[in-house]
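Computation of the quantities below employed the complete heavy-atom set of this structure, encompassing side-chain atoms and omitting hydrogens, waters and symmetry-equivalent molecules. Positions are given from 1 along the sequence.
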Amino acid sequence: FATDYTRLDEEHDVLFAQILAVSQHPENADNLATLKKGMWDHFQYEEQRYCAVPGYNCVDHKMKHYKFWVILDDLQVPVGCEEINWSKNWLAQHIKNTDHGYKQRLIGPDSGENFSGALP
């Protein structure tokens with residue numbers, strides 16, 4: 001799943017681990033809240049990075065995030081297996097089919113603390 005951008009790849013790994021934590025304890029509201037915050041912060045940073053690329057179709061990428069986000073944000077505990085599998089599969093497909101299309105196209109190296117959201 002590597003995009004070859006350190007921060008993005010590290011955040012992707014953590015997001016999968018957060019999904020796993022929700023799957024192991026679907027009744028745990030803190031785990032779900034952690035996943036939601038992690039996903040939100042990741043999307044903010046990723047959109048900032050990708051939207052800085054000249055000629056990049058930023059609107060479509062943001063819409064993919066938005067369509068996922070509105071469903072994720074609406075989830076409540078206990079989280080069902082269907083929703084857990086959906087979120088894991090969505091993230092995997094998004095990385096492979098969308099994020100990988102921009103390997104070596106981002107401007108400059110990653111920066112900032114993981115999950116700190118968009119840079120100022």
* To do: State whether the number of non-hydrogen atoms from other residues, nucleotides or ligands found under 6.0 Å of Lys103 atom NZ is greater than 12.
  => yes
* Asked: Honestly curious: do Val77 and Val70 fall in one hydrophobic cluster under the side-chain, below-4.5 Å linking rule?
  -> yes
* With the 4.5 Å side-chain cut-off for hydrophobic clustering, are Tyr102 and Trp90 part of the same group? -> no
* Asked: Of the non-hydrogen atoms in Pro54 and Ile107, which two are nearest, and what is the gap between them?
  -> CD-CD1, 3.8 Å
* To do: Under the side-chain hydrogen bond (donor to acceptor under 3.5 Å, both in side chains) rule, collect the residues that match up with Tyr66, sequence neighbours excluded.
  => none
* Structure fact -> Smallest heavy-atom separation, Ile84 atom then Val22 atom, equals CD1-O, 4.0 Å
* Give a yes or no on whether a salt bridge exists between Asp60 and Lys64, defined as a side-chain N under 4.0 angstrom from a carboxylate O. => no
* Should Leu35 and Trp40 be marked as a side-chain contact (heavy atoms from CB on, under 4.5 Å) after you check the CA-CA gap, both sets of side-chain angles, and the distance that decides it? -> CA-CA 8 Å; Leu35 172 61; Trp40 176 261; over 6 Å; no
* Decide side-chain contact (heavy atoms from CB on, under 4.5 Å) for Cys58 and Lys62; before the verdict, give the C-alpha distance in whole Å, the side-chain angles of both, and the deciding distance to 0.1 Å. => CA-CA 6 Å; Cys58 189; Lys62 284 185 174 186; 3.7 Å; yes
* Asked: Looking only at heavy atoms, what is the nearest atom pair of Ile19 and Leu91, with distance?
  -> CD1-CD2, 4.1 Å
* Asked: Would a distance-only check, ignoring hydrogens and angles, find a side-chain to backbone donor-acceptor pair under 3.5 Å from His100 to Phe1?
  -> yes
* Asked: Do Val14 and His42 come within less than 4.5 Å of each other through their side chains, counting heavy atoms only?
  -> no
* Neighbour count >12 (heavy atoms, 6.0 Å) for atom CD, Gln24 -> yes
Identify all side-chain donor-acceptor contacts of residues 113-120 below 3.5 Å with residues at least two apart in sequence or on another chain.
residue	atom	partner	partner atom	Å
Asn114	ND2	Glu10	OE1	2.9
Ser116	OG	Arg7	NH2	3.3
Ser116	OG	Glu113	O	2.6

* Asked: Can Phe68 and Trp86 be said to form a side-chain contact (heavy atoms from CB on, under 4.5 Å), step by step?
  -> CA-CA 10 Å; Phe68 174 82; Trp86 166 79; 3.3 Å; yes
* Asked: How long is the gap from CD1 on Ile71 to CD on Glu83, to the nearest 0.5 Å?
  -> 9.5 Å
* Check: His65 ring centroid to Trp69 ring centroid under 6.0 Å -> no
* Asked: Is there a side-chain contact (heavy atoms from CB on, under 4.5 Å) between His61 and Glu46 once you walk through the steps?
  -> CA-CA 10 Å; His61 197 151; Glu46 186 177 282; 2.8 Å; yes
* Give, for atom CG of Leu20 and atom CG of Leu15, the distance between the pair rounded to the nearest 0.5 Å. => 12.5 Å
* Asked: Is there a path of hydrophobic side-chain contacts, each under 4.5 Å between heavy atoms of I, L, V, M, F, W or Y residues, that connects Tyr45 with Met39?
  -> no
* To do: Mind checking the OH-OH spacing from Tyr50 to Tyr56? Nearest 0.5 Å is all I need.
  => 6.5 Å
* If you take all heavy atoms of Arg49 and Tyr5, which pair is closest and at what distance? -> NH2-CD2, 3.8 Å
* Quick one: OG1 on Thr34 to CG on Asn31, what's the gap to the nearest 0.5 Å? -> 6.0 Å
* Other residues, nucleotides, ligands: >12 heavy atoms within 6.0 Å of Lys36 NZ -> yes
* Looking just at side-chain N and O atoms, do Thr3 and Asp9 make a donor-acceptor pair shorter than 3.5 Å? -> yes
